Amino acid sequence: MSGMKRRDFFKIVGASAAAAAAGCGRAPEQILPYVVPPDNLVPGVASWFASVCRECPAGCGLIARNREGRVVKLEGNPDHPVNHGTLCMRGQSALQGLYNPDRLRGPLQRDAASGTLKPVKWEDAEKFLAEHVTGLVKSGRGARIAVLSQLESGSPGRLMDTWVQALGARPRVAYEPFNYESIRVASRLVFGRDAIPHYALEEANVLLSFGTDFLETWLSPVAYAGAFARLHALRHGRAGTFIHVEPRLSTTAASADDWIRNAPGTEGLLALSFLKVILDEGLQAPGVDGGALRTVVKSVEVEAVARQSGVPAGTILRIARSFARAKPGLAIGGGVSVNGTNAAEVQVVIHLLNYAAGNVGRTVRFGPDSAFGKASPYADVLALVQAMAKGEIEVLLLVHVNPLFALPPKSGFADALKKVPLVVSFANQPDETTQQAHLILPDLHPLESWGDFAPREGVMGLMQPTMAPVFDAKAVGDVLLSVGRQVLLTPEGKGPLRWPTFEEYLKDQWRAMAARFAPGRPFSQLWEEALRRGGAWKDVPTAPVQPRPTGMPVTAAALEGDGQGLVLLTYPSLRFYDGRGANKPWLQEAPDTMTQVTWDAWVEVPAESAKKLAIREGDLVRISSPHGAIELPAYPSESLHPEAVAIPIGQGHTAYGRYAKDRGANPLLLLPATAAPGGLPFLSVKVTLAKIGGRRPLAIPQATADQDGRELAQHVGLAAARELELRGAVPEKASHPSMYPDVKYPDYRWGMTIDIDACTGCQACVIACKTENNVPVVGKEQVAYGRDMHWLRVERWQEGKPSHPETLFLPMLCQHCGVAPCEPVCPVFASYHTEDGLNAQVYNRCVGTRYCNNNCPYHVRRFNWWDYSSPTSSSYAFPDPLPLQLNPDVTVRQLGVMEKCTMCIQRIIAGKDTAKDEKRQVRDGEIVTECQQTCPTQAIVFGNLKDPSSGVATLARSPRGYHVLEELGTRPAITYLKKVTRDRGHP
Amino acid sequence: MRTRVALGILTLVLLALLLLSTSSGRGQAAAPAQPIAFSHQIHAGQYKIDCQYCHSEARRSEYAGIPSVSRCMGCHKITAADRPEIQKLAAFFNRNEPIPWVRIFKVPEYVSFPHKPHVRAGVTCQACHGPIETMAVVHAKTGQNFVNDLLNLAGLARTSTPLTMGWCVECHTKMNAKDRTKAPLECLTCHH
């Protein structure tokens, strides 16, 4: 045996075995060429198309990466003035709406006899609808046709309105479950302007927020998260302060420097007391009419407010002073806790606070008003429901709305809908409302559509199809034009609905806009530029407004229900918004930031009540209000105000596809449906809790928030951080001794910095990573086993008093250690160190011993316990057409293989390839990892650590820099920058 | 004694495997029937048409690219339009149907092989695809091959281009030793 080396022996045995296996043969594979290739398309090279994200009305710009005709990735549009190239988790997940396996395959019509939905041809469906509409229009009953759509601030909305007008139908209702109506009402009362202003967070020195979840869903969360990072970052010794008033420690509250836990419903009183302090101490801005304001605060007593809200009078004084002295500061209000029966009053006081502090026109800007100001008031929705109930509506068109889920059942929408003889839904996915529809005409997904959306005045995002339709769907606009013409008996090119297609209509609209956006330039130029850049925008000057301080009485929110009960906080979910995200498995599997719960719904119960009722985590609890009752597993919380319980909105679907099925209950069941002056009062009931026996354990990947002294997430006080900044970098600590010789990196040493001071825990990176790297979704049971596959997770750690913790978010991913514990233990050399300093994982070498996983102190390696990649497997993670989303540049891993963060090796290779073609080194910032790309606060920076002038190397030298578990001597390539904490006024 | 036993077992295993294996290796049948009897020998050999005239993506993309039907028709609208095989081509074009070519060269799914850097580094097509200009019907013996491995062990040239990893790495190593090229030898370059 001496003549043969061990390796050669294995080679031959392997070769022969492979040859033997080949006897079975493989089916020949076909390669299909294009018949006529599209222009400028090179198979294997991505094309990018700019469009607008329509997952919520924030209207962020996005660019879609198209490979061989299918969109595989969404990124923020760097040119777009709203989101500046970043995207949130819901935006990243839009792809799973596009490729959702439950999407409607084509138009359906309810069979009158059997009551079931049957496929129908588009022509027949349109003809059917046209006949119905014609009957009504001809007999002068056009007003019995109603359109209920989502908020459309651009051409799709205008076309619907034109259609409504042409046929004499009832005015369209633009329904958004969260429409921030109270701000609009308050603007009207205080400034005589019916609008929701733009808030310049980035320019404020002190941000005072009343329950506003601006890092989660409020108005434009990506834009405000970016602005918040600029406000809050320590730069040149200066850093803004964020004070947040809310009864619950929400994700946004967790980022606050000072979180004030108030009694639910007392925000208005607190705001009023701040105003009183400012006026009493003469802190108002020069030129402010103190006399008029004084009448507003006449009857306010700070001590009384302190008693009612549970916020000490000293704190009220301190906050009021720091807010008034900020110059400029900014007060904002939103979220469930200020959306009570008194919502409009609270917003009035907030406007007055801003006025008194001199912020109006500086950080509060009317002019670039938000699109939300165009959503219909909630009362209009109720009026439509009443008309339906009275039998006044005979044809109801539902365009991308799901009122059977998103409206409180108490509104009576379900019964009213039964009175409508013809319900037409344009949804592209079956939901609770389509189940009741008579005709379903699936609209194209926004990523397949032409369209536009104006997130605020002066910004018009343009949507273009980023790929061909996946299924047999048709644009709403096209259907409306065709049906409208059939009704009016007008040919194409004539009449009020003359456009042959919606695309032509859109172009016409833009032609009219060209004068506004690009005066003196030909239209074709503007159009081409808009297609390339994703829209057109220009600066809108701040409109001067004159306040009229109103003497509106401010009360605490009125609460109905058992006086001894707990106040119900039903808040929009960071992951599902109003519930429309629940059909996307990525969002289901992403942990909720604060509770870390995946896949399920829960009720957050204050620790005091949990103790009293002997409720443990996962115990089923019945929550009863005067309007209904639901059952949910409990999540006891130390930080929730003892008088509140909290339930996120979004789960509890009954017919929204396989991923949303059997996931808890819809808390809107507990709410009344009456309209308060500020819209639907989300904070208006007290509920009682009862343990009902039985358990439904929650799948929580990170069960503890206690670091146990390991100092994984570190922080430094603001004063100390300032001093460190002044003194410059601390001398490098003596590195830990290693048994191995120092690794030499010939060209690059890839590394990353993560600023945990900027991280808001929004989870966008988690989803972006899943999208880019073909990471499978494993389901609730496997997550509960600790077998989730997230390559990147956001750890949430808490310190200090449990009721009032300091929260630290720590994005944790492979640290790409210089001395990596995973590498030497791999028996097959699947885990090894590359010459660029990456910890490589070679899937086809891996035999699944999991030694690397056991030896990794960061717990970032993920093992394929099940076969997620094979279509015949029961755990297959990509049912059709989800495989269309898979990134062709990344291997889909198989059963028994270890995987982990690669620092987006496919992007690194592409970047190096480009550099090689141009005969140069990779430039700093040229390669961007997926998590870095999407991060709304730009907390992540990637680059070459060997180049001392690179962005990442500069940041890695920051005096705030540290390595997680430095003492292990793993020498990670990821440097974290400590969170900068402010001294709190209370323990 | 132990060495002898081991050697005996090895011989037995090898013999058994040799019996089981076929000389054609793991690849597809050497020359599968294609929907149209396209000859590389005529196009690339006889008329010396540049490979990248048809496979034009090779220098720009991961894929070499199969020419579109319209590109074939660019010449064959006139050239040899009366031949039966060309009429088959025209029929595909007229029906607006892609030609279902049978794939010959394929690396496993966990391998990312980009054509672009190889073409740009001046590697000839033949280096991996064999003397394609002489083939009337393209055929290849890819995959692990016992005969090839024996030949290689003995230090002799292989009979075909197997597209196996060892073979790739060998070429990269040789190139790096010979020129100043920097052909990567990092696992992650192809396996990611």
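Throughout, a chain's letter reflects where its sequence line sits, starting with A, and its residues are numbered from 1. The structure presented is a predicted model; accordingly, all values stated were derived computationally and were not measured.
Contacts between A:Asp747 and chain B at a heavy-atom distance below 4.5 Å involve the side chain alone, from C-beta outward. Contact of A:Gln894 with chain B is not made at all, since no heavy-atom distance falls under 4.5 Å. For A:Ile905, the part sitting under 4.5 Å from any heavy atom of chain B is the side chain, from C-beta outward, and nothing else. Neither the backbone nor the side chain of A:Asn773 comes within less than 4.5 Å of any heavy atom of chain B. Interface remark: B:Pro67 contributes backbone atoms only to the contact with chain A (heavy atom separation under 4.5 Å).
Chosen from A:Thr902, A:Leu32, A:Asn844, the residue pairing most often with chain B at heavy-atom distances under 4.5 Å is A:Asn844. Options A:Val45, A:Val892, A:Thr834 differ in how many heavy-atom pairs under 4.5 Å they form with chain B, and the most are formed by A:Thr834. Your options are B:Met73, B:Lys182, B:Arg120, and the one with the most heavy-atom pairs under 4.5 Å with chain A is B:Arg120. In terms of heavy-atom pairs under 4.5 angstrom with chain A, the leader among B:Arg60, B:Arg71, B:Glu109, B:Lys116 is B:Lys116.
Counting only distance, with no hydrogens or angles, the side chain of A:Thr891 and the backbone of B:His192 share a donor-acceptor pair below 3.5 Å. The main-chain N or O of B:Cys187 is found under 3.5 Å from a side-chain atom of A:Tyr832 such that the two form a donor-acceptor pair.
Between A:Lys912 and B:Glu186 there is no salt bridge, since no side-chain N of the basic residue sits under 4.0 Å from a carboxylate O of the acidic one.
For A:Glu823, the side-chain hydrogen bond (donor to acceptor under 3.5 Å, both in side chains) partners are A:His833, A:Asn839, not counting sequence neighbours. By the side-chain contact (heavy atoms from CB on, under 4.5 Å) test, B:Thr161 is found to be paired with B:Trp167, residues two or more places apart in sequence or in another chain being considered.
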Legend entry - Derivation of the side chain to side chain contact (heavy atoms under 4.5 Å, CB included) call for A:Arg845 and B:Tyr110: CA-CA 10 Å; A:Arg845 283 204 91 107; B:Tyr110 49 79; over 6 Å; no
Legend entry - Derivation and outcome, side chain to side chain contact (heavy atoms under 4.5 Å, CB included), residues A:Asp889 and B:Glu62: CA-CA 10 Å; A:Asp889 296 333; B:Glu62 179 183 346; 3.8 Å; yes
Inset, instruction - Using the side chain to side chain contact (heavy atoms under 4.5 Å, CB included) rule, take A:Gln30 and B:Arg103 through it: C-alpha gap first, then chi angles, then the decisive distance, then the call. - result: CA-CA 5 Å; A:Gln30 289 181 342; B:Arg103 188 165 186 168; over 6 Å; no
Legend entry - Intermediate values then yes/no, side chain to side chain contact (heavy atoms under 4.5 Å, CB included), A:Val36 and B:Phe93: CA-CA 9 Å; A:Val36 181; B:Phe93 185 72; 4.2 Å; yes
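B:Leu188 and A:Leu838 make their closest contact through CD1-CD1, 4.4 Å (heavy atoms, listed as atom of the first residue, atom of the second, distance). Minimum interatomic distance between A:Pro33 and B:Pro98 (heavy atoms only, all atoms of both residues): O-CB, 3.1 Å.
By the neighbour-count criterion of 12 heavy atoms within 6.0 Å, atom CE of B:Met165 is sparsely surrounded, having that number or fewer from other residues, nucleotides or ligands. The 12-atom threshold is not exceeded at OH of A:Tyr851, counting heavy atoms of other residues, nucleotides or ligands nearer than 6.0 Å.
A distance of 11.5 Å separates OH in B:Tyr63 from CD1 in A:Ile31, rounded to the nearest 0.5 Å.
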